[in-house]
Student: 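Dropping the structure in here first, questions after.
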Amino acid sequence: MLAAVDPAAALVGLAPGMSLADARARLPELRLVDADPAGDAKALAEFADWCGRFSPWTSVDGADGIWLDITGCVPLAESEAALVRDLVDRAARLGFTARAAVADTAGAAWALARYGGGPVCVLAGGEARAALAPLPVAGLRLPAAIVQDLKRLGLKRIGDLYGMARAPLAPRFGELVARRLDQALGLLDEPISPRQPIVPRLVRRILAEPISTPDAIEHGLTQLMALLCRQLEEEGLGARRLELACFRVDARVERIAIGTSQPSHEPAHLGRLMTEKIGQIAPGFGIELLQLRALAVEPLAARQLGLDAQKADGTVAPLVDRLANRLGAGNVLRLVPENSHLPERAARAVSMLDTRHDAKRLQDWPAGRPRPIRLLAYPDPIEVMAPVPDDPPLMFRWRRVPHRVRRAEGPERIALEWWREPAAGTDGIRDYYRVEDEAGRRFWLYRRGLYRPETPPAWFLHGFFA
Amino acid sequence: MATLVRLGGGKKDAALAALRATLRRLEGPGRAAAGVVPTGFDAIDRVLPDGGLARGALHEIVGEGADRAAASGFVIRLLLGLAAQGPVLWCLADPELYGPGLQRLGLAPDRLILARTRRDADLLWAMEEGLKTPGLAAVLGEPQKLDLTASRRLQLAAESVGGLGLVLRPADGGKATAAVTRWRVASAPSAAPGPDMPRDFGLMRGRWQVSLERCRGAAPIGEQGYGSWWVEEDDATRAVAVAADLGDRSGPSAPAIRHAG
């Protein structure tokens, strides 16, 4: 079966969906290429990525489409038409035949791009109704079955639906037809991008000559950063996440991103974080466009670092950012308390850059029972000599080293929360002992489960006191 | 140096102190002005040249294997008074520090910034960045090894803004380093329960043996180094006090415990 045909084949009447035998009969010299849906999807995704030079919001639509939300992006080009023509021209140079349409609504743009006349179609505001009327109903993004049914009813053009009463359509087609129509005409709101009307905090620099050296990239970055930071400063905002996209001459896009622990519009600080990552950019045959974009912004001073408000914070935040930038955000941590009886779950190390845990700081740390200062994330199994089931061990062997227990205190029974499922073969109970060995070292040991005569008890070393 | 100490009289002490101050000023900029952090142990502070751990300097604490916990316990007690001054950066391979335990010792866990590093190179880099940042109360690191070059870099970084650098390392993790002091901390058996206590009384107060093995600008006491002390925790206050001077290393059963704090 044919999955796709090129314009020449279409001229002689070949069409997708035709069987191979039919196609060969019509055109014996037909040249066949295996369909590669996965490869196509990948290429489409890369192309969508490449479209990021026109709009910060792009997304893949089905197997052959890309959405671009160009709200607010036009100042970057001269006009909407210029932007779209540039897109189609550039795509052609990459070997893609693209059709594009710009309209007030996503639905209208979709229909025009696929069923409109030329490769580029730009609708002015309020023209959608007239422009859509002659297009086939398939342009309403309807399933093939519904399109067939509509055709059977003689409703072939979108315009045919304009005068229809809604009530008789609904039982037959559900509310989908009416909804798609309203969406295309802008009677019903259809947000295609997840964001509110975009104010792209985005600056770009088109390079006269493609650049490829880190120094040149850094130079461009410095200029962009100064621009963006000025913009942010005017708005009283600071960036939490920034992305530098480098559009290469071979249509690939290299991206580096940084995050900050506190909103910042300091070009020096942000630039330094970004510069450290320039080495990750593979410039290929050169970079023709640099685009710096604030992915996440916050009002300045809206929040404090996860440390008590104090004068030092101002200087510590850049340090946290630098550490996170080199070590990874997941490796710059703070300790937060959690609501759990299980010792290993009662505290957690979370990223300093993760704001979700800010509220937990207000929560108190559990006080009361003695707790070790270092706790193994995974308790170490130990061999133990314990004379009586409920007694602390006399001796234990940890990592092949024997420790004779000189003193012990316990047990402190810690039970798994009732709503948690205990691990297979256990009853979710641990008896903890604090023990001191002959050298005075203090350990936190526990026996898993209640004592059962038929099974030898399992012992673990969980932490260290000091 | 040892001879000088023996000469010790009131006037000469003052002259010596002045001389030492001059020397330290010559040693490096920033050091003299950076001040000191008292260890909180009077007996130990008396031995240290300025009555405490010098800021703008690097200090080593050696603690091995299971005694790493003892060494970190000692360090945490040093930090107790400091944490009010700013956050503490702690660089380590595995963030196994346990919040509830720290809280119980009196160190609020949210004073800590933990940097998890897989390689010593990253760890030393993180420490250096921390030491160059004003506003931190202290920068702590637990490298596997510390060599002369790396320690010198840290020492210089500490001098630059008067930071307090603390390195917690295993005994075989470095020989000659540029650290200003070197401590060795090990667990020590707690005292025996009194005769009127039941046999299974439980754990007594925890004890450590703290030795000062190296100290720039101070005179060694005998062959032992600069001093060795028993340090014992106090259950009620969670503070620790020097229980006894360990001049003669008479062993764990040393009976004479003087509660100094």
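Keep in mind the model is a prediction, meaning the values are calculated, not measured. Below, chain A is the first sequence line, B the second, and so on; all start at residue 1.
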Student: Less than 4.0 angstrom from a charged side-chain N to a carboxylate O is my criterion; do A:R326 and B:E128 meet it?
Tutor: no
Student: Do B:D122 and A:N331 make a side-chain contact, defined as non-hydrogen atoms from C-beta onward lying under 4.5 Å apart?
Tutor: no
Student: Look up atom CG in B:L107 and atom CD1 in A:I373, then write down how far apart they are to the nearest 0.5 Å.
Tutor: 10.0 Å
Student: Show the nearest heavy-atom pair for residues B:A126 and A:L323, with the distance to one decimal.
Tutor: CB-CD2, 3.7 Å
Student: Could you tell me which non-hydrogen atom of A:R407 sits nearest to which non-hydrogen atom of B:S190, and how far apart they are?
Tutor: NE-OG, 3.7 Å
Student: What's the spacing between A:R371 CZ and B:L102 CG if we round to 0.5 Å?
Tutor: 13.0 Å
Student: Please report the closest heavy-atom contact between B:G73 and A:A466, naming both atoms and the distance.
Tutor: CA-CB, 3.6 Å
Student: Minimum heavy-atom separation for B:S72 to A:R374, with atom names?
Tutor: OG-NH1, 3.2 Å
Student: Using heavy-atom distances under 4.5 Å, tell me whether A:L327 contacts chain B through its side chain, its backbone, both, or neither.
Tutor: side chain
Student: Is A:P343 in contact with chain B via its backbone, its side chain, both, or neither, using a 4.5 Å heavy-atom distance?
Tutor: both
Student: Under 4.5 Å from any heavy atom of chain B, what part of A:A377 do you find: side chain, backbone, both or neither?
Tutor: neither
Student: Which atoms of A:R369 are under 4.5 Å from chain B, going by heavy atoms: the side chain, the backbone, both sets, or neither?
Tutor: backbone
Student: Which pair of heavy atoms, one from B:Y98 and one from A:A346, lies closest together, and at what distance?
Tutor: OH-CB, 3.7 Å
